[in-house]
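The shown structure was predicted, so the numbers you read here are calculated from the model rather than taken from an experiment. Each ligand, and each atom within it, is numbered from 1 in the order the structure gives. Reckoned from all heavy atoms, side chains included, excluding hydrogens, waters and symmetry mates.
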Amino acid sequence: MSATENVLAGIARTRAWQEPLYQQFHAHPELSGQEGQTVAEITRRLTDFGYALQSVGGGVVGVLANGPGPTVLTRADIDALPVTELTGLPYASTVTATDESGGTVGISHACGHDVHITCLLGAAQLLADHRDAWSGTFVALFQPAEETAAGSRAMLDDGLTERVPRPDVAFAQHVLSHAAGSVGTHPGPVLSAGDSVRVTVFGKGSHGSMPHLSVDPVVLAASIVLRLQTIVARETQPGEFAVVTVGSSVAGTKSNIIPDRAVLLVNVRTYDEQVRKHVLAGIERIVRAECEASGSPQEPTFEYYDQYPLTDNDPTVTDRVTRAFRAHFGDERVVDLGRVTASEDFSRIPDAFGIPYSYWGVGGTAPGQPSYPNHSPYFAPAIQPTLDAGTEAIVVATLAYLGGDQP
Ligand code: ZN
Ligand code: ZN
């Protein structure tokens with residue numbers, strides 16, 4: 001019997017608590033940075049399983065040292081979204097919060113992070129219960145605030161790399177809308193890098209009837225918006241992926257006043273660090289040159305926010321994981337995930353350790369069930385076989401490194 005079969009022989013026992021626990025997490029979602037109850041529940045479970053615990057940056061990390069061998073880290077994100085759930089499920093969330101404008105907003109696990117938590121806890125128990133089948137160290141990392149791009153940075157700022165054993169490889173997974181029971185892998189870039197930039201350009205205010213006394217930031221901003229389109233159209237190699245979107249352009253208050261500044265909010269998506277650097281540099285270059293052309297009296301400012309790093313799967317690790325998945329799930333249940341245009345903050349963690357990683361997808365749509373994308377108010381993964389597949393995927397990938405099985 002292989003190490004994987006040996007460990008997964010216990011899955012009926014974890015399934016019995018995973019299904020109700022999943023429903024409990026689903027019914028009690030917490031927003032990014034406010035995951036106190038969720039972390040408390042995870043902490044209770046990991047303690048029961050015999051893990052050494054560290055509370056790091058609003059998340060929790062469990063370490064299971066089990067003799068000589070490599071260290072494998074698997075990360076689950078745990079936060080929910082300000083989305084009012086419309087699934088009609090018996091365990092649907094009815095939790096609400098007050099938003100910034102004083103209105104009431106529903107909260108739900110519309111991105112499926114409750115699946116991630118439940119699967120990683122299941123894998124954590126299976127590995128703890130069958131220590132005879134493997135050797136090395138398993139690190140189960142539960143990260144807050146993925147949806148705001150703040151959680152992985154918060155854990156790193158709180159000393160994560162000094163406080164847990166340095167892993168040799170890191171994994172993360174996401175439930176997506178492909179077929180439940182299948183897993184999707186992809187070498188190389190798999191999720192885009194996302195950058196937002198708040199650009200402020202300065203003019204000289206004047207009466208609307210006296211434009212000769214002004215430097216008009218509205219005309220300046222309009223010229224910038226048009227010229228920015230050339231970064232993708234004229235500067236990016238055809239076939240490379242880049243998106244530059246100006247999502248907001250704001251200046252002035254009244255038709256007869258020329259304002260003194262304009263603010264542009266620009267969003268950028270890329271799959272390649274060189275392309276990303278070129279696009280961001282291009283934005284700054286064009287903005288500065290247009291300011292110069294307008295006779296702007298003050299240097300423009302660039303404020304970067306909501307920055308998601310590129311998720312770039314290591315080809316060697318991804319190949320090893322994919323072969324292990326094929327051996328366990330069978331070829332028909334292992335699909336090519338392709339590139340997903342969404343973004344994630346997971347890769348900051350392996351990048352901070354300087355280690356390779358692989359990020360894969362777990363299908364959540366059962367046959368005959370309508371398919372909704374993540375963040376939809378109707379997003380509702382089938383409990384099974386999704387939880388089993390997500391739990392098995394973590395165990396299989398981990399034992400490809402710690403189990404002595406050669407996939
Ligand atoms: Zn999400
Ligand atoms: Zn997500």
- Note on the structure: Residues passing the side chain to side chain donor-acceptor pair (under 3.5 Å) test with Asn267, sequence neighbours excluded, are Ser196, Arg269

- Query: Within the distance-only criterion (no hydrogens, no angle test), does the side chain of Tyr357 pair as donor or acceptor with the backbone N or O of Asp312 below 3.5 angstrom?
  - Reply: yes

- Message: Show me the pairs that pass ring-ring contact (aromatic ring centres under 6.0 Å, His included) and involve residues 376-398, at least two apart or across chains.
- Response: Tyr372-Tyr378

- Query: What residues, two or more places apart in sequence or in another chain, satisfy side chain to side chain donor-acceptor pair (under 3.5 Å) together with Thr118?
  - Reply: none

- Message: Inside 2.8 Å of the Zn ion (ligand 2) but strictly below it, how many protein N/O/S atoms are present?
- Response: 3

- Hey, does the Lys NZ or Arg CZ of Arg339 hover above the aromatic six-ring of Tyr271, less than 6.0 Å from the centre and inside 45° of the axis? yes

- Query: Between Phe346 and Trp360, is the ring centre distance below 6.0 Å?
  - Reply: no

- Item | Identity of the N, O or S atom of His375 lying closest to the Zn ion (ligand 1) | NE2

